[in-house]
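Have a look at the structure below, then the notes.
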Amino acid sequence: MSSYPKEVPRFERRFFAAANTSAGFKSDYPLCFGEGSGIERLYVIKGGPGTGKSHLMRRIGRSAEALGYLVTYYYCSSDPASLDGVRMEANGKPCIGVLDGTAPHVWEPLQPGVKEELVNLGEFWNSRRLREHSREIKDLSREKSRYYHMAYGYLHACGEVTAIVDTLVAPCVLDKKLTSLAGRLLKSQPSGICFSETPAHRACIGMTGRQSFDTYEKMAEAAGGEVLEIDECYGLGYELTSRLYRTSREKRLRIYVSRHPIHSHKIDGLYYPDTGLCFSVCQHDPSAPLRRRILLQRYLNKPLFKSIRGEVRHGIKLAEEMTEGACRALRSAGTAHFALEDLYASSMDFNAKEKHDAALCERIFGE
């Protein structure tokens, strides 16, 4: 994982560490919080929807910021208004993590009481009141699960269609020229001692549609680095980032890696913390800030591509339709989820929980 930088940025470091992908739910929380992550103390929060897990993590993160920690916020890929984890680093102090340990990223302690500590917010709900709504809770949970199943069906179909498109385009890619481009783009990066990769994803598809963060760009600008936008063209943008990733391994560089929210084998962003260089795969947006753009159409064998262009465009259109279907299903799942949150929240003693949260913050940073 990345080491603590010399200066704390004046913006919130926001990422995703999980995704609803074409292969199902994918979580990188073991890499962010588990063995080898540098986390020395980990607080695992348990509790139902609407019990204030995200609010507690936010409070802990803000307390850490006030004490000079570098704080990284990991947002929920299904509900980006909520947090799923927080990582706090400071020179000379233990690296601390806090995460939501409930489904779908269930976390069971491996070193309970030594490294991990369980925080149970269920002690603040009124079980009798919840049991009065047991039928409603059961029905909403079933409805939420049904729509998630539908969403993953659409996402799987999107993955299958995209794989066909990639197979069609592959023979048209001017491989040597694209590999050479990756080498030139990283030529100025001094070789390191050991390659390291930090998963830090920029985008998600969830219950509120498609969401993305611009943290990579902000980190690059704060470090005085450069933001290079890769213009996505028939999958060539991801072909280039795969070569940039490979070259980074060869040069033993430290990198942050963002994976595509649906196709997790594709890289949609790279950040180099030692130099502030950032690569971002994106569609053309005339309203976006003017930055150096890397155009890739000349890295296609145009005569060969012309013969398959119709099929490729048809496949891209189908994949987009499947993505929209997944978004619709996830929004419906969200309706059930937010109703569940309301039921649990109405059964919580938040006054008692607030006192608990304040005491926990004091204990975390007083130890």
Any side-chain heavy atom of F365 within less than 4.5 Å of one from I96? yes

4.5 Å side-chain heavy-atom contact, V119 and V44: no

Indicate yes or no: at least one non-hydrogen side-chain atom of L181 is less than 4.5 angstrom from one of L296. yes

More than 12 heavy atoms from other groups under 6.0 Å of NE2 on H133: yes

Are side-chain N/O atoms of R328 and S332 paired as donor and acceptor at under 3.5 Å? no

I need the T275 OG1 to L186 CG distance, nearest 0.5 Å. 9.0 Å

Between Y272 and S248, is there a side-chain donor-acceptor contact under 3.5 Å, judged purely by atom types and distance? yes

Lys/Arg N to Asp/Glu carboxylate O, R210 vs E324, below 4.0 Å: yes

Kindly state each residue pair satisfying salt bridge (charged side-chain N to carboxylate O under 4.0 Å, His left out) with at least one member in residues 268-277, sequence neighbours excluded. R202-D268, R254-D274

Nearest 0.5 Å, what's the NZ-SG distance between K53 and C76? 9.5 Å

Side chain to side chain donor-acceptor pair (under 3.5 Å) between Y74 and R14: does it pass, once the steps are laid out? CA-CA 6 Å; Y74 295 98; R14 302 184 296 170; over 6 Å; no

Contact between V257 and T241 at the side-chain level, heavy atoms closer than 4.5 Å - yes or no? no

NE2 (H149) with more than 12 external heavy atoms under 6.0 Å: no

Derivation and outcome, side chain to side chain donor-acceptor pair (under 3.5 Å), residues T215 and Y271: CA-CA 10 Å; T215 307; Y271 176 69; over 6 Å; no

Going from OG on S77 to NE2 on H105, what distance comes out if it is rounded to the nearest 0.5 angstrom? 7.0 Å

Pairing of K93 and E40 as salt bridge, 4.0 angstrom limit: no

Value rounded to 0.5 Å, distance of NZ in K177 from CG in L174: 5.5 Å

Can we say K46 and E123 salt-bridge, meaning some charged N sits less than 4.0 Å from an Asp/Glu carboxylate O? no

Quick one, F338 with T335, criterion side chain to side chain contact (heavy atoms under 4.5 Å, CB included). Give me CA distance, side-chain angles, the key distance, then yes/no. CA-CA 5 Å; F338 298 132; T335 300; 6.0 Å; no

Taking K355 first and then D357, would you say they form a salt bridge - that is, a charged N and a carboxylate O separated by under 4.0 Å? no

Quick check: do E136 and L140 have side-chain heavy atoms less than 4.5 Å from each other? yes

Go through the steps for D28 and K26 under the test salt bridge (charged side-chain N to carboxylate O under 4.0 Å, His left out), then give the verdict. CA-CA 7 Å; D28 281 325; K26 184 179 185 301; 3.2 Å; yes

With D231 as reference, evaluate R293, R292, R298 under the salt bridge (Lys or Arg N to Asp or Glu O under 4.0 Å) test and give the passing residue. R293

Side-chain heavy-atom pair Y73, R13 within 4.5 angstrom cut-off: no

Could you check if a side-chain atom of V173 sits within less than 4.5 angstrom of a side-chain atom of L178, using non-hydrogen atoms only? yes

I would like to know whether D166 and K266 meet salt bridge (charged side-chain N to carboxylate O under 4.0 Å, His left out); could you show each step before the answer? CA-CA 11 Å; D166 291 343; K266 298 186 176 188; 2.9 Å; yes

So R62 and R58, do their side chains get closer than 4.5 Å, heavy atoms only? yes

Tell me, yes or no, whether the heavy-atom count around K302 atom NZ, taken from other residues, nucleotides or ligands under 6.0 Å, exceeds 12. no

Not counting sequence neighbours, list each pair that qualifies as a salt bridge (charged side-chain N to carboxylate O under 4.0 Å, His left out) and has a residue in residues 141-161. D139-R142

Does R87 pair with E89 as a salt bridge, N-O distance under 4.0 Å? yes

Should the heavy atoms of other residues, nucleotides or ligands under 6.0 Å from CD of Q297 be counted, would the total exceed 12? no

Y152 and T21: side-chain donor and acceptor closer than 3.5 Å? no

Just how far is it from atom OH of Y216 to atom OG of S212, taken to the nearest 0.5 Å? 12.5 Å

Can you tell me how far the CG atom of L295 sits from the CD atom of E232, to the nearest 0.5 Å? 12.0 Å

Using 30° and 60° as the class boundaries, would you call the ring planes of H260 and Y238 parallel, tilted or perpendicular? perpendicular

